[in-house]
Amino acid sequence: AFMNVLRFVHQGTLQLPCTAEVLDVLILALKMDVTRCVDYCLRELQSSMTTDSALHYLQLPQNMLTNHRVQSLKESAEKFLVEHLGYIEK
């Protein structure tokens, strides 16, 4: 993940084969406070959301979910599940 964050800083893009790798880069970018990379990862995760990934995003550690940037991923996951499954109990 570290090399991918560095590559993003220099090239402004990522080429990762799966959402798990994007999520790893997101976690590291949050820790390193690389805002552009965080935003890029969030866009990638939101654009490739599935029911399984949406459920996974809602189970991220609480300290991640309280980050104001990651809130958009949580909200997108909730919206996705409501649209595809019909409801969410809170």
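Keep in mind it's a predicted model, so treat the numbers as computed, not measured. For this chain, numbers begin at 1 and follow the sequence in order.
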- Query: Is any side-chain heavy atom of D24 closer than 4.5 Å to a side-chain heavy atom of L16?
  - Reply: no
- Query: How many angstroms lie between atom OG1 of T50 and atom CZ of F80, to the nearest 0.5 angstrom?
  - Reply: 6.0 Å
- Query: Just by modelled atom types, is the A1 backbone N or O under 3.5 Å from a matching donor or acceptor in the E21 side chain?
  - Reply: no
- Message: Is it the case that the side chains of Y40 and T13 hold a donor-acceptor pair, with the cut-off being a distance below 3.5 Å and no angle test?
- Response: yes
- Which is it for N67 and V38 under the side chain to side chain contact (heavy atoms under 4.5 Å, CB included) test, yes or no, and what are the steps along the way? CA-CA 11 Å; N67 179 289; V38 168; 5.7 Å; no
- Query: Does a side-chain heavy-atom distance below 4.5 Å link C37 with V9?
  - Reply: no
- Item | Whether S53 side chain and M49 backbone form a donor-acceptor pair below 3.5 Å | no
- Note on the structure: Tightest non-hydrogen contact, residues L58 and E78, listed as CD2-CG, 3.7 Å
- Under 3.5 Å, is there a donor-acceptor pair between the side chain of H56 and the main chain of D52? no
- Message: Once rounded to the nearest 0.5 Å, what's the spacing between atom CZ of R69 and atom CG of L42?
- Response: 8.5 Å
- Backbone N/O of S72 and side chain of Q46: donor-acceptor pair under 3.5 Å: yes
- Rounded to the nearest 0.5 angstrom, the NZ-CD distance for K74 and Q59 is 12.5 Å
- Heavy-atom check, side chain of V22 versus side chain of N4, under 4.5 Å: no
- Distance in Å, M32 CE paired with I27 CD1, rounded so as to fall on 0.5 Å steps: 14.0 Å
- Rounded distance [0.5 Å steps], CE in M3 versus CZ in R7: 6.0 Å
- Pairwise side-chain contact, L28 with F2, heavy-atom cut-off 4.5 Å (strictly under): yes
- Task: Quick one: pull up CD in E44 and CD in Q15 and give me the separation to the nearest 0.5 Å.
- Result: 10.5 Å
- Message: I need the minimum non-hydrogen distance between Y57 and L73, along with the two atoms involved.
- Response: CD1-CD1, 3.6 Å
